[in-house]
Amino acid sequence: MSSTIPTKQELKSSKRQLATVIDLSKCMGCQTCTVACKNLWTQRPGTEHMRWANVATCPGKGYPREWESKGGGFDAEGRPQPGQLTTMVDCGDNFQFNHHEVLSAGNAQRKKLEPRSASGEAPTWGYNWDEDQGKGEWPNPYFFYMPRKCNHCSNAPCIDACSRNAIYKREDGIVVIDQDRCEGHRHCIEACPYSMVYFNPVSQKSEKCIDCFPRVEKGIAPACNRQCVGRTRAYGYLDDSESQVHKLVRVWKVALPLHPEFGTEPNVFYVPPMSPLAYDDDGRLTEAGRLPIEVLEGYFGPAVRQALATILEERDRRKRGEPSELMDLLISRRWHDRFAEFTGEPI
Ligand code: SF4
Ligand code: SF4
C-alpha cells in the first residue's frame with residue numbers, strides 16, 4: 001500500500017492468498033467451529049448476535065436469515081451495489097432466558113424458563129430455527145450442512161464500498177476492517193452479498209471474521225478450521241503446490257466457491273456433498289441420488305457436475321483397490337496434512 005491515499009485496487013491486492021476448503025460430505029453440523037470462533041472473538045459487548053463462523057442447513061433460510069436474497073455484490077458495470085442491511089433479528093434476535101427470575105428463591109414452582117428478545121417480546125426467529133428441515137418428500141428428503149465465514153474475497157465489494165478506506169487485504173490475503181478508521185457507515189454490510197459483516201451497536205463499528213490472523217501469524221490454523229472434529233477443513237496458501245487447498249482447488253478442481261456468480265472471487269471453497277441414494281415407490285433403494293443436481297448448481301455453479309463426477313470416478317478407482325491421491329486428500333488420515341505450514345498448537 002502506498003503512503004498516499006491508496007486506490008481500491010491497492011487495498012484489494014495481496015502478495016499471496018490464504019484459503020479454506022470445507023468438505024461438505026463430512027460436515028455433521030456439530031457447530032464446534034461456530035463455538036470455537038464465538039469463544040475466541042465474539043464474547044465482547046455488542047457482539048452477542050455475531051457468529052463470524054456459522055453453520056446452517058441447506059436448503060434453508062441460512063444465517064443471517066435469508067442472506068441469499070439480500071443483494072449486494074456488483075452491478076452490470078462492476079460497481080458495488082448496495083443490498084439490505086443485516087438486522088439483529090436476522091441474526092437470531094440475541095434472545096436471553098429469564099434464569100434469574102426462575103432461580104430466585106420461591107419461584108421455581110411458579111415460573112418457567114422463557115426466552116425474551118432484545119425488545120422484551122417472545123422471539124420469532126433464532127439461530128438455526130430451521131435446522132434439519134431441508135427439502136424433498138418422504139421417503140427421499142434431503143439436506144446438507146453449510147459452514148460459512150467471510151470468504152476473504154479477491155474482488156471484495158466490501159472494500160470498494162467503504163467510504164473510509166477502512167477495509168483492506170493484508171499481504172497474506174486476509175480481509176480486515178481497521179477499527180480505528182471505521183466510522184460505522186455500514187456500506188460494507190450492504191455491499192457484502194454473503195452478509196458476512198455485522199454492526200456492533202456498542203462500539204458503533206462494523207466487524208467481521210479476521211481469519212484468526214494473530215494465530216495464523218504464529219503458524220496456527222484458524223480456530224474454526226483447527227477445531228473441526230469432522231476433519232472437513234483444509235487451510236493454506238493457494239499458490240503452495242504442496243498444500244491440500246492448492247491440490248483440491250487448483251489441481252483436482254473438486255473444491256468450488258459458493259455462489260461464484262456474485263463475482264467476488266471467494267477464497268473459501270467447498271467440496272460439494274455426495275447425495276444419499278433415493279428410494280423408489282416400493283421402498284427399494286435405487287442408484288439415483290436424492291439431492292437434485294440443480295440444487296447444488298444453485299449453490300456452486302455449473303462446475304459442480306464435473307467436480308462430483310471426478311469424486312465418483314476416484315471413489316470407484318479406490319473401490320477397485322487402486323491408488324487415488326484425491327481419496328487420500330479427502331480422507332486425511334493425519335490432521336496435520338490438512339493445514340500445510342499452519343500446524344502449530346494453540347497456546
Ligand atoms: S465475504 Fe463479504 S465481508 Fe468477506 S471479503 Fe467477501 S465481500 Fe468482504
Ligand atoms: S466443526 Fe466441522 S463438522 Fe462440525 S459443523 Fe463445523 S465444519 Fe461441520
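Whatever order the structure lists ligands and atoms in, that order sets their numbers, starting from 1. Note that the coordinates shown come from a computational prediction; the quantities given were computed from them, not determined experimentally. Position 1 is the first residue of the sequence; numbering continues from there.
Using bins of under 30°, 30° to 60° and over 60° for the plane-to-plane angle, the ring pair Trp52/Trp41 lands in the parallel bin.
Not a single donor-acceptor pair under 3.5 Å links the side chain of Lys247 to the backbone N or O of Val251.
Distances from atom 4 (Fe) of ligand 1 show that Cys209 has no N/O/S atom below 2.8 Å. With a cut-off of 2.8 Å, atom 6 (Fe) of ligand 1 has an N, O or S atom of Cys153 in range. At least one N, O or S atom of Cys192, from either the backbone or the side chain, sits less than 2.8 Å from atom 2 (Fe) of ligand 1.
Distances shorter than 4.0 angstrom do not occur between any heavy atom of Gln227 and any atom of ligand 2. Not a single heavy atom of Thr264 sits under 4.0 Å from any atom of ligand 1.
Taking every non-hydrogen atom of Pro157 and a distance limit under 4.0 Å, the qualifying atoms of ligand 1 come out as 7 (S). Ligand-side atoms of ligand 1 in range of Asn151: 1 (S), 4 (Fe), range being under 4.0 angstrom from any heavy atom. Each of the atoms 1 (S), 5 (S), 6 (Fe), 7 (S) of ligand 2 lies under 4.0 Å from some heavy atom of Cys33.
Taking the ring axis of Tyr237 as reference, the NZ or CZ atom of Arg16 stays within 45° of it and closer than 6.0 Å to the ring centre.
Atom NZ of Lys26 is surrounded by more than 12 heavy atoms from other residues, nucleotides or ligands within 6.0 Å.
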